[in-house]
Amino acid sequence: LAQIFAFVGFLELAVMKDVTGDSEFPGDFRNGALDFGWDTFSPEEQESKRAIELNNGRAAQMGILALMVHEKLDNNPYIINSLLGSPVPFN
């Protein structure tokens with residue numbers, strides 16, 4: 001657990017920051033290196049793509065929340081195992 005915290009702390013302090021100071025929006029960590037054609041999009045298309053990515057993140061968070069709620073409802077930690085026919089005894 002300490003290794004995870006140390007690794008995340010390292011990422012926050014050393015890697016995931018705006019080095020150049022010219023980020024276009026919050027979370028823009030390109031720092032002039034990996035562009036992949038982002039600057040070729042129109043401002044409307046950039047806004048649309050950021051909104052799509054934000055909504056995908058929200059959907060993933062809701063999916064994980066649903067798995068956690070399902071686990072607490074019937075004390076079955078691995079719903080996919082039950083669906084595939086090999087349930088795991090838990091508590």
Side-chain angles (χ1 to χ4, degrees):
L1 189 61
Q3 288 177 339
I4 293 173
F5 281 113
F7 180 67
V8 170
F10 167 74
L11 289 178
E12 288 286 331
L13 296 174
V15 179
M16 303 296 286
K17 62 181 180 179
D18 184 17
V19 177
T20 60
D22 59 354
S23 62
E24 296 178 22
F25 51 89
D28 180 15
F29 298 119
R30 291 178 291 156
N31 294 324
L34 296 173
D35 191 10
F36 297 120
W38 178 256
D39 294 331
T40 61
F41 297 131
S42 68
E44 294 83 18
E45 195 170 3
Q46 287 179 351
E47 185 177 348
S48 170
K49 288 185 179 290
R50 283 195 302 267
I52 289 169
E53 184 65 24
L54 185 61
N55 286 334
N56 286 342
R58 289 174 178 159
Q61 289 173 358
M62 293 304 292
I64 293 297
L65 178 64
L67 287 174
M68 291 188 303
V69 167
H70 188 276
E71 177 181 330
K72 284 299 181 185
L73 286 177
D74 64 354
N75 283 335
N76 188 1
Y78 306 110
I79 185 173
I80 191 69
N81 289 345
S82 297
L83 293 175
L84 294 176
S86 55
V88 176
F90 186 67
N91 288 341

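In this chain, numbering begins with 1 at the start of the sequence shown.
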Open item on the list: Do R58 and L54 have side chains that approach each other closer than 4.5 Å (heavy atoms only, starting at C-beta)?
Closed with: yes
Task: In one Ile/Leu/Val/Met/Phe/Trp/Tyr side-chain cluster, 4.5 Å: I64, V69 - done: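 Looking at the clustering, V69 is in the same group as I64.
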TODO: Say whether M68 and M62 are linked into one hydrophobic cluster, either directly or through other cluster members, by side-chain heavy-atom distances under 4.5 angstrom.
DONE: yes
TODO: Can you see which heavy atom on K49 is nearest to which on F41, and at what distance?
DONE: CE-CZ, 3.6 Å
Task: E47, CD: over 12 other non-hydrogen atoms inside 6.0 angstrom - done: no
